[in-house]
Amino acid sequence: MADILALVFRHNNAQPRDLKNLSFASGPDRNTLPCMIVGERCGIKTSLLFLTAVTAAAELGVRVLFLTPSPIQSLSGPLKDSLANLDPDGLKKIKFMYPRSQEELLQDVASLHECVRGPAGPPSLLIVDGLEHYLGAGGRGPTAARGEDQSAAAHVAALLADTAAFLTQKLEERGEACAPCRVIVSFDVEWQGHTPPGDPSAQDPLLSVLDRYFSVRCTLDRDRNPAAPAPAAAGEPGDVWQIYFSGVGIADGHTSAQEDGSVLGQQWRLAIRPNGAMEFSPVSAESLASM
Amino acid sequence: MTSYLPAVAEELLRDIRKVYQETTQIPDDLLLALKFVFGPSALQALDLVDQRSVTCLSSPSGRKVFQFLLYAQVIGGSGHLYTCYASCHYCPCPAFAFSVLRRNDSLLCKHILAAYLCQAMGLSQHETVTDQQMSDILSGKAGRGT
């Protein structure tokens with residue numbers, strides 16, 4: 001599913017873009033493995049997921065199911081701009097569901113197979129915002145997750161992956177171009193107000209379980225530049241993030257990936273502009289080497 | 001489930017399928033390989049297969065077949081009913097939670113392996129449920145550890 005995220009990044013690139021070229025990659029470079037967006041606790045992941053849903057629905061004609069614990073109360077600047085320029089019919093392809101608990105989330109996802117025979121057809125993009133909310137991970141510490149929590153996390157993740165596999169089969173039977181069904185979730189990695197150093201999986205038992213099922217990880221690291229005169233608050237104008245993909249679906253070496261245009265190994269920089277717009281720009285191999 | 005198993009395990013299951021279709025038996029060398037690859041789970045899984053403990057459920061929506069397995073409900077040794085998914089590894093049994101998820105020293109539990117073996121050997125029991133029942137089973141609302 002990293003391909004759709006990379007497509008959203010390109011669509012909201014700082015460089016001039018050609019909207020007519022917005023389409024999924026094809027061939028072996030297309031990465032459709034389940035993807036998990038991880039990062040510290042703030043609204044930037046929700047904004048990114050919503051932008052992904054809007055872009056997929058309006059620009060690609062993809063039916064989207066957006067699962068989130070609570071309704072999105074307000075839209076950030078770039079989303080307002082995007083919505084103003086989009087075909088309203090495209091937005092009808094997004095269906096929002098608000099499961100409040102793990103049981104409700106499981107029931108909502110488990111019942112998706114019942115809609116495959118309907119006229120609308122099944123969704124081809126499943127988005128779960130705030131997965132930690134459903135896994136009881138809100139107040140967890142490094143050793144807090146017990147066996148039951150890990151098993152529950154595995155259940156939710158496996159059901160999402162299994163449902164996507166089934167819906168993919170149905171989409172392919174219908175000959176729909178938007179197959180396969182993709183899954184993207186977001187998950188907070190933060191304890192006591194700070195992101196742990198090193199690999200979060202080594203310290204978070206839930207994350208290590210989720211990594212089994214979400215083969216691609218999209219990590220959002222806030223760029224805390226000590227030279228900046230006044231660091232911006234998370235998600236506010238002036239805020240800068242580094243985004244990079246990792247996981248079993250990612251090949252080693254970003255250089256070749258950048259050259260062939262695939263999502264593999266690409267790294268991005270996300271800047272919140274003064275008007276609130278989210279602006280993405282690819283990080284070149286030279287920039288990475290100098291970091 | 002191909003992508004979730006190492007190549008050696010996939011090859012072994014393919015061999016078992018081929019040989020069992022021809023002879024309706026699993027020869028000693030493949031049994032030893034099974035024990036070598038999957039450890040103690042192999043014998044327990046074969047016991048489940050012998051007991052015809054695996055049932056493949058399907059519903060009218062078609063949620064039943066994804067390459068290898070149907071939704072397999074395996075009757076656990078303690079009398080619990082466990083549901084394993086068709087396209088990825090998950091089982092609500094304690095062994096999966098401890099050995100696979102927590103300690104990461106097993107590929108899978110005996111229930112998932114039994115489901116693989118039953119599929120390879122064509123020994124699953126088949127049942128049809130309604131779409132609503134399938135949803136309840138998938139979500140764990142029904143047929144899970146009860």
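The structure displayed is predicted, hence computed values, not measured ones.
Separating the OG atom in A:Ser111 from the CD atom in B:Gln132 is a distance of 7.5 Å, to the nearest 0.5 Å. Here the OG atom belonging to A:Ser208 is positioned 8.5 Å from the CG atom belonging to B:Leu101, to the nearest 0.5 angstrom. Interatomic distance, CG of A:Leu106 versus CG of B:Leu138, reported as 10.0 Å (0.5 Å rounding). Expressed to the nearest 0.5 Å, how far OG1 of B:Thr83 lies from CG of A:Leu159 amounts to 11.5 Å.
Side-chain contact between B:Thr130 and A:Glu114: absent, with no pair of heavy atoms (C-beta onward) separated by less than 4.5 Å. Residues B:Arg63 and A:Leu167 fail the side-chain proximity criterion, which asks for heavy atoms closer than 4.5 Å. You'll find the side chain of A:Gln107 reaches within 4.5 Å of the side chain of B:Ser135, heavy atoms only. Counting only heavy atoms from C-beta outward, the side chains of A:His113 and B:Ser61 approach each other to under 4.5 Å.
Scanning both residues, B:Ser87 and A:Ala165, for their nearest heavy atoms gives OG-CB, 3.4 Å. In terms of heavy-atom proximity, A:His155 sits nearest to B:Tyr85 at NE2-OH, 2.8 Å. Of all the heavy atoms in A:Ser151 and B:Ala97, the pair that sits closest is CB-CB, 4.2 Å.
Between A:Asp149 and B:Arg102, none of the side-chain N atoms (NZ, or NE/NH1/NH2) sits under 4.0 Å from a carboxylate O, so this pair counts as no salt bridge.
Around atom CZ of B:Phe36, no more than 12 heavy atoms belonging to other residues, nucleotides or ligands sit under 6.0 Å away. Taking a 6.0 Å sphere around CZ of A:Arg174, one finds it holds more than 12 heavy atoms contributed by other residues, nucleotides or ligands. Heavy-atom contacts from other residues, nucleotides or ligands closer than 6.0 Å to CD of B:Gln25 number 12 or fewer. The number of heavy-atom neighbours closer than 6.0 Å to CD of B:Glu127, taken from other residues, nucleotides and ligands shown, is 12 or below.
Between the side chain of B:Tyr90 and the main chain of A:Val156, no donor-acceptor pair closer than 3.5 Å is present.
Residues that satisfy the side-chain contact (heavy atoms from CB on, under 4.5 Å) test with A:Ala53, not counting sequence neighbours, are A:Val64, A:Phe66, A:Ile94, A:Ile127. Residues that satisfy the side-chain contact (heavy atoms from CB on, under 4.5 Å) test with B:Asp105, not counting sequence neighbours, are B:Ser99, B:Arg103.
Residue B:Pro94 does not touch chain A at all, counting heavy-atom pairs closer than 4.5 Å.
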